[in-house]
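Here is the structure we will look at.
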2 protein chains.
Amino acid sequence: MLAAHQILDTALALVDERGTDALTVRGVAAALDVAPNALYTYFPNRDALRAALVEHLLGELDGVKLPADWPTALRHLAGALRALLARHPGAVPLFVAGPMFGPHGLHTGERALALLAGAGFTPTAAARALYTVLAYTLGFAAMDAAELTPGAPADMDTRVAQRRTAFEAVPAADYPHTHAAASVMATYVTDTQFRSGLDTILAGLARSAASPSR
Amino acid sequence: MLAAHQILDTALALVDERGTDALTVRGVAAALDVAPNALYTYFPNRDALRAALVEHLLGELDGVKLPADWPTALRHLAGALRALLARHPGAVPLFVAGPMFGPHGLHTGERALALLAGAGFTPTAAARALYTVLAYTLGFAAMDAAELTPGAPADMDTRVAQRRTAFEAVPAADYPHTHAAASVMATYVTDTQFRSGLDTILAGLARSAASPSR
DNA sequence: ACCTGAACACCGTTCAAGT
DNA sequence: ACCTGAACACCGTTCAAGT
């Protein structure tokens, strides 16, 4: 007999190995040696399966520790989400299309809001801060995932080399600044770039946290 | 006889009217009263058509004026991108999956980098700043677009009302902070929230722009 | 070069039937 | 309740053929 978690595990394996498009009802069913329509006992349709997979992955964030120091906590949270999406690039389009606000998403969000409230943020400021960090993290992960070919080798050296090749192909005559900056950007390990942007946001938040409007 | 721009116009109309999934080779061909495979004269495959549509839309950013004051310029640029994506929510997944670095994307990027260089940013700092703003804008637009149903009424009053209903459904007992913040967030016109996050980023950038590392 | 008809290997989903 | 066989209306793409 099947079980919902088996279906989700198989779906995740397919997405990780062969990319977003491999997540098909028929493909998952075949991997489970089952008729395609067998899955409809557990999920009403394909989108429900996708949403359940997102929800399943968001569960990993439940274990993230959130220290009382709010910038550190937001760094941990955003870092964990980014790491999660980086581990499953094929799942990123599902997150983008989807329900960040299921039970697990709400639970993590609630923890973050509670933490910010404890740090002196008003409910409004806390919600805005969290939303900003979330949008940045999701957007960054999306651009990151878009660069990865479905079943390609994703080790950092290879990626940096590929980025360099791609960026150096930009004609320096037409795009001088792009060419100059691109040769540097290729060497940025993506983690470094992610933290840089996140630190910028946290610095901005700290500034308004020091003002009366917080 | 067909033309590439006709195909793209039709594809865009389909995406706008019926959502991302309506962008199919056969659907576009049918809308043009043409056999499905006729499109292969102009695009080698479906992904090329999608990429061309993204590129076509990015062309709208060429007209964005970038004043010398860099925070204002970044506000204009990010605002124009967000407005573009808000006008075509069904196209957002294409941007996310896709090639922000075609000719039009490069051109706009180059203009932004030149502007930041003129404001005293090093190539490295300029590239990082632009990437951060881009990630935030794309992530925000993605979450925004995910909320919209394919052919639903998208006027602001309706959306706020729907958001309120959705957020108020969150049980206050389990998620007190979420519930409290959510009732406020529902009333945020999305533009206000977008500018709030963007201002946070710009404030963070201004801080590092004042330091020697810029 | 540009378009069509026909075909291939896929999709998601439904329905009736079996256990 | 859980699964299957068969069918439906779709996909993207290719190939040979026509103009």
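Note on naming: letters A, B, ... go to the chains in the order of the sequence lines (proteins, then strands), and numbering restarts at 1 for each one. If you're wondering where the values come from, they're calculated on a predicted model, not measured in any experiment.
Taking the side chain as every heavy atom from C-beta outward, B:Leu106 and A:Asp174 never approach each other to under 4.5 Å. Put simply, the side chain of A:Leu94 does not reach to within 4.5 Å of the side chain of A:Leu57, judged on heavy atoms.
To the nearest 0.5 Å, the span separating CZ on A:Arg46 from CG on A:Leu39 amounts to 13.0 Å. We find the OG1-CG distance between A:Thr108 and A:Leu66 to be 8.0 Å, quoted to the nearest 0.5 Å. Atom CG of B:Leu205 is separated from atom CG of B:Asp199 by 11.5 Å, given to the nearest 0.5 angstrom.
Around the CZ atom of A:Arg75, the shell of radius 6.0 Å holds more than 12 heavy atoms that belong to other residues, nucleotides or ligands.
Set against C:dT4, C:dT13, D:dT4, the side chain of A:Ala35 has D:dT4 as its closest nucleotide. Comparing atom distances between the B:Arg46 side chain and each of D:dC3, D:dT13, C:dC3 picks out D:dT13 as nearest. Taking every side-chain heavy atom of A:Val34 into account, D:dT4 is the closest of C:dC3, D:dT13, D:dT4.
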Practice problem: Encode nucleotides 14-19 of chain D as B, S and - characters from 5' to 3', where the letter depends on protein heavy atoms closer than 4.0 Å: B to the base, S only to sugar-phosphate, - to neither. | Solution: BB----
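Panel note: side chain A:His177, backbone B:Leu113; no donor-acceptor pair is recorded below 3.5 Å. The backbone N or O of B:Lys65 sits nowhere less than 3.5 Å from a side-chain atom of B:Arg111 that would complete a donor-acceptor pair. Not a single donor-acceptor pair under 3.5 Å links the side chain of A:His104 to the backbone N or O of A:Leu58. Between the side chain of A:Thr20 and the backbone N or O of A:Gly90 there is at least one donor-acceptor pair closer than 3.5 Å.
Protein atom CG of B:Leu2 is 9 Å distant from nucleotide atom C1' of C:dC3, rounded to whole Å. Residue A:Ile7 contributes atom CD1, which lies 11 Å from atom C1' of D:dC2 at whole-angstrom precision. With rounding to whole Å, A:Gln6 atom CD is found 13 Å from D:dC2 atom P. In this structure, CG of A:Leu39 is placed 13 Å from P of D:dC2, rounded to the nearest angstrom.
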Quiz item: With Watson-Crick and G-U wobble geometry limited to distances under 3.5 Å, how should the secondary structure of DNA chain C be encoded in dot-bracket form, using | for bases paired to another strand and [ ] for crossing pairs?
Solution: ||.|||||...|||||.||
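Classification of the B:Phe194-B:Tyr136 ring pair by plane angle, with boundaries at 30° and 60°, yields parallel.
Between B:Asn45 and A:Pro36, the residue whose closest nucleotide on DNA chain D is further toward the 5' end is A:Pro36.
Within 4.0 Å (heavy atoms only), B:Phe43 reaches no atom of the nucleic acid at all.
For the contact set between residues 23-32 of chain A and DNA chain C, defined by any heavy atom under 4.0 Å, the members are A:Thr24, A:Val25, A:Arg26.
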